[in-house]
Q: 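Provided herewith is a single structure, encoded as structure tokens, for subsequent inquiry.
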Amino acid sequence: MRPDVEAMKADIEQSIALLRRRLDWDAALRKLDELNARVEDPTLWDRPDEAQAVSRDRSRLEAQVNAVREMEQGLEDGIMLADMADEEGDEEALEGARADLKAIKDRAARAELEALLSGEADGNDAYLEVNSGAGGTESNDWAGMLLRMYSRWARAHGYEVEVEAEEAGEQAGIKSATIQIKGPNAYGWLKSESGVHRLVRISPYDAAAKRHTSFASIGVSPVVDDAIEIDINPADVRTDTYRASGAGGQHINKTDSAVRLTHVPTNTVVACQAGRSQHQNREQAWKMLRARLYELELQKREAAAQALADAKTDIGWGHQIRSYVLQPYQMVKDLRTNVETSDTQGVLDGDLDQFMGAALAARVGETRGSTAE
């Protein structure tokens, strides 16, 4: 066996062994059998909320177990192909086997990190909110770039993206936007992205071609289901309605269908304009408000979490978590983990796994599994 193939084999075997330990493999298989039996019990569906929770737990555990089995089978097949190609001197087939093993290695590294997502709401869908900082058109354009970046990251990982609210900038970009990202562990991956993001570039809006610094903030909160109790006093919430902006059908721009809720004690504001009626937007806005208040509660319990208020009260110097420098050199650097890359275009196109992985590993006191080079 070639030395590089042997090294990849060892790395993959180590990752799989670690995954098995974290899952407590034998206990996980027993738990999966129990969940399968419960899902097949027709009386369970007489209790819809419980049935949905059981089905969700079963799907999540089944995906983890199947991932380990698929990686084990892929490793066996890849090594067999590499050995055959090596014996026959078929360099093209050997290169194909290397590519297959590299893909398994990358998948194992991501699975290792996902196994660390054991927080109370890590498995939930997520709301991601973008707000531009001071600076007018420059900051609005940067906020729009961030919205595109996270949307591309989400879709590249098979997540569904829904726009809940968006306020366009006067000349370019956006002043603010909220999207819902739907998929397993969406909140777990995205929660470390909350904070201020700084951009340095030659402004396309400056005729003098001067370098500009722009700021925008990202806020992430988990989508919470009805099983999680969030007590909100209606008297503490101010409701405003307004005319939705942006593209839409004949109805969207003709009535005050958009809804904004303000939780006065915490100064938490959410807005929704995606629905066709004020009723739909009001219902979704309340879900978003519950999610935001739940996130605030999680932050109180988790000392390592960054305070959401810091990310929102001062979108500027001294508060940024990541810098994106396009001029005079190319560099994206996370100021918390020191992970950096010169592939700025790749990052802006949604290649964020190395930053999320490093932040997740640091958050739980792990070092293995960072994809940063």
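Predicted model only: the values in this text are computed from it and were never measured.
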Q: Are the side chains of W286 and L261 in contact, using a 4.5 Å heavy-atom criterion?
A: yes
Q: Please work out which of the three classes, parallel, tilted or perpendicular, describes the rings of Y159 and W153, given edges at 30° and 60°.
A: tilted
Q: Closer than 3.5 angstrom, by distance alone: can the side chain of N124 be matched with the main-chain N or O of V223 as a donor-acceptor pair?
A: yes
Q: Assess the side chains of T43 and D41: does a donor N or O sit below 3.5 Å from an acceptor N or O?
A: yes
Q: Applying a strict under-4.5 Å side-chain criterion to I, L, V, M, F, W and Y, I'd like to know whether I179 and V224 cluster together.
A: yes
Q: Could you tell me if R292 and T268 have a donor-acceptor pair between their side chains, going purely by distance under 3.5 Å?
A: no
Q: For the residue pair E129 and I218, establish whether any side-chain heavy-atom pair is separated by less than 4.5 Å.
A: no
Q: Could you state whether L94 and L81 fall into the same hydrophobic cluster, counting links through intermediate Ile, Leu, Val, Met, Phe, Trp or Tyr residues with side-chain heavy atoms under 4.5 angstrom apart?
A: no
Q: Backbone N or O of V130 within a donor-acceptor pair of the S176 side chain at under 3.5 Å?
A: no
Q: Can you check whether S192 reaches R336 side chain to side chain, under 4.5 Å on heavy atoms?
A: yes
Q: Could you check if a side-chain atom of H157 sits within less than 4.5 angstrom of a side-chain atom of D353, using non-hydrogen atoms only?
A: yes
Q: Determine which pairs satisfy ring-ring contact (aromatic ring centres under 6.0 Å, His included) with at least one residue from residues 122-148, sequence neighbours left out, and list them in order.
A: W142-Y324
Q: Strictly by modelled atom types, are Q345 and D349 linked by a side-chain donor-acceptor pair under 3.5 Å?
A: yes
Q: Would you say D125 and Y187 are linked by a side-chain donor-acceptor pair, where the criterion is simply a distance under 3.5 Å?
A: no
Q: Would you check if the side chain of H197 reaches a backbone N or O of E193 as a donor-acceptor pair within less than 3.5 Å?
A: yes
Q: Do you see a donor-acceptor pair shorter than 3.5 Å between the side chains of S342 and Q330?
A: no
